Each structure stands twice: as structure tokens, then as C-alpha cells.
Amino acid sequence: MVYRLLFGFLLPLVLQPSLVLCNPPELKIGFYQYTCPYAEVIVRDEIARIISHVPSLAGPLLRMHFHDCFVNGCDGSILLDSIPGLPSEKESEPNLSLRGFGTIDLVKAKLEQACPGVVSCADILALVARDVVLLTHGPYWNVPTGRRDGLRSVKDEALNNLPPPFFDATRNLNQFFVPKGLDAKDQVVLLGGHTLGTSHCSSFSDRLYNFSGTQMPDPALDRRYALRLKSKCRPGDATTLVEMDSGSFRTFDASYYRHVARGRSLFTSDETLMLDPFTRDYVLRQAAVAAAGGYPAEFFADFVASMVKMGNMQVLTGTQGEVRRRCGAVNPIGM
């Protein structure tokens, strides 16, 4: 096994995306090597500084990249603020609990100081997602860059494209993932991102108190786990946060799959992975690795591949879109 030192961690190398996936020709590793050669170092250092002070931001920052790419591609539209009469994706219900927009603004400000008007907000999201995974002991990968920023952000498009926590992974694969060019393996792998972060009780309380209108808990939930969740989440609680990967929510690992296999996942989307033979086998395989305390080489390599694949979705490149000077607003006309 070959190792390299990154961010202070001695980590095993994984397959690089360029070896296992075809990137859009406009995206490439090292896109900024001449126009902003220290771009990735600037992003890395700022994120490392922020996460050292607020480690709970790692999960939300990873999630932000997902929420951007699933709505009209990876174009930074999740970052745009609403304007009068035109509410943006930020105002959509699936995005109301997102945190970390200020972090992206800080990173962007650092890059604007070093290389004004060069590094897109869409690329910042992709780089930050990679860096928070690495900083929480997950895999490292080279991020293909060269994305441009979109010019529009529509509230309803987020609601229609983002898979909610109560979706059925077996029935809704063709609704939320296949149209994006993602398959069942990408789904089970990307849901593994739930190993980081927390969720509001309101995202899963129906499983505790009124599953499918029965006024009863979800029978798929482990009984003791359901009782523990009820002790934290009272009916109507919309503010309390609960760990998505209990006991390991600040470490990127495979323990999420162990919870899914034991009926101890928060969301219906996670639990229904056990209903399909392919995704169930994947969950059980990763759960066994986690239970044995082994290194999750398969999951890490698969996560890298699926993240790069997702990050390639419907990208704007070349003269499309723009490079925003401020991530929350399109550039003034003439800039």
C-alpha cells in the first residue's frame, strides 16, 4: 500500500478519477495551474482553519455540493441569494437547513484577493467537499475543475429535483438519480455521505410517531433506537439536531452502513436500501468492514468515483455562465 501525507494525515492513495472516469473535456485536473496556481492550497488552508474551529460544518459543506449538483447541474446556483419576486434555491424547503454559506464566502474572498475573477463558486463547492471529507479522515482525490457559475436559481427547481429524506431508494431511483446519469451504485455510495453531520428531528419524525399515517413508528426501525430518538425528538420538534451516524458523525467512515444494516438509520431513504438485493449486499459488505474495524477501501474508492461522476453533471464551461465575483449574486452587467 502506498501512502502520502496530506492535511497532516498519512492516508493511503486511492485511484484517481482520471484513471477510472471520463471527465467532460472542458474539465481537467489542475485547471487553475497557470491562472491561479495556489487556488487549491488557498481553499484547503481556509477550510482546515474553519473546520478546526467549527468541526460540525463538515457535513453541511459536503451536503451543499450535493444540493448544488442535483439542481440543473454543478453550477453554484445553490449559493445565489433571492432577489425581489424571484426566490432562489436557498428558500426551498430542502435547503432551509443548509449551513456553511458564510464559509464559502470566506473562501471566495481569499481567492478574489489572490486571483480576482478566476475561480468559480461552483469549483469552490467541489473543492470544499473534497477537503472536508479528507479533513474528517476520508479519502483524498484530485478534483477536475473548470466549471463556470450559473446565472439563475429557482426555488421550485430545488424542491422538484432534490431527493427528500422520506424517498424510497428502490422506487425513486429512476426519479431522482437516473435522470442525472447516476445509477443504483452511485445512489448507495452517495447516501454514504450521511456518515457526516446531523439532521433536524422534523426530517424523520414521521418514522417515530406516524409512519405512513399509521400513528405508529416505522416497524423497520430498531425498537431501542426508536425509543432513543423519541427521547430527543418530541412531536413537532423542528429545532433539535440528531447525529446521522450515531457515535461517528464527525468522522468519514463506513459506520453509516452498519447503522443501516441494524435498522438504525434516520431516514426512509437509508432504510429502503435494504429492500433491493444489490444495494442491500453493498450495505452489508460495508457494514461488515465497519464492524471489524477495517479500512473501508471499497467504499472510499467508490465514493471518490461517484463524487467525480456527480461533479461532472451538466457543468457550464468555456464561455457559458460566468465566474462570479461574489457567490451570492450574479456579476453586474459589464463586469
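Every value quoted in this text rests on a predicted model; they were computed, and no experiment measured them. We use all heavy atoms of the structure for the numbers below, so side chains are in, but hydrogens, waters and symmetry mates are not. Numbers for residues simply follow the sequence, beginning at 1.
Within a 6.0 Å radius of NZ in Lys180, other residues, nucleotides and ligands contribute more than 12 heavy atoms. Taking a 6.0 Å sphere around CD of Glu93, one finds it holds 12 or fewer heavy atoms contributed by other residues, nucleotides or ligands.
Side-chain contact, Asp123 with Thr145: no donor N or O sits under 3.5 Å from an acceptor N or O. Between the side chains of Asp237 and Thr240, at least one donor N or O lies within less than 3.5 Å of an accepting N or O. Under the 3.5 Å distance criterion, with hydrogens and angles disregarded, no donor-acceptor pair is assigned to the side chains of Asp270 and Ser265. Side-chain atoms of Ser77 and Ser153 include no donor-acceptor pair closer than 3.5 Å.
Taking the six-membered ring for Trp, Phe176 and Phe167 have ring centres closer than 6.0 Å. Close placement of the Phe177 and Phe70 rings is indicated, their centers lying within 6.0 Å of each other. Side-chain rings of Phe299 and Phe252 approach one another, their centers coming within less than 6.0 Å.
Every residue was checked against the salt bridge (Lys or Arg N to Asp or Glu O under 4.0 Å) condition with Asp68, not counting sequence neighbours, and none meets it. Taking Glu91 as the reference, nothing meets the salt bridge (Lys or Arg N to Asp or Glu O under 4.0 Å) condition, with sequence neighbours excluded. Qualifying side-chain hydrogen bond (donor to acceptor under 3.5 Å, both in side chains) partners for Gln286, counting only residues two or more places apart in sequence or in other chains: Glu298. For the salt bridge (Lys or Arg N to Asp or Glu O under 4.0 Å) test, no residue two or more places apart in sequence or in another chain qualifies with Arg250.
Partner Ser248 forms a side-chain hydrogen bond (donor to acceptor under 3.5 Å, both in side chains) with one of Thr136, Asp253, Thr195 and no other, that one being Asp253.
The heavy-atom pair separating Arg324 from Ala329 by the smallest distance is CD-O, 3.2 Å.
Identified under the disulfide bond (SG atoms under 2.5 Å apart) test for residues 98-185, with sequence neighbours left out: Cys36-Cys115, Cys121-Cys327.
If you chain together ILVMFWY residues whose side-chain heavy atoms come under 4.5 Å of each other, Leu266 ends up grouped with Phe204, Leu208, Tyr209, Leu221, Tyr225, Leu229, Val242, Met244, Phe267.
Side-chain N or O atoms of Asp222 include none that pairs as donor or acceptor with a backbone N or O of Arg264 at under 3.5 Å.
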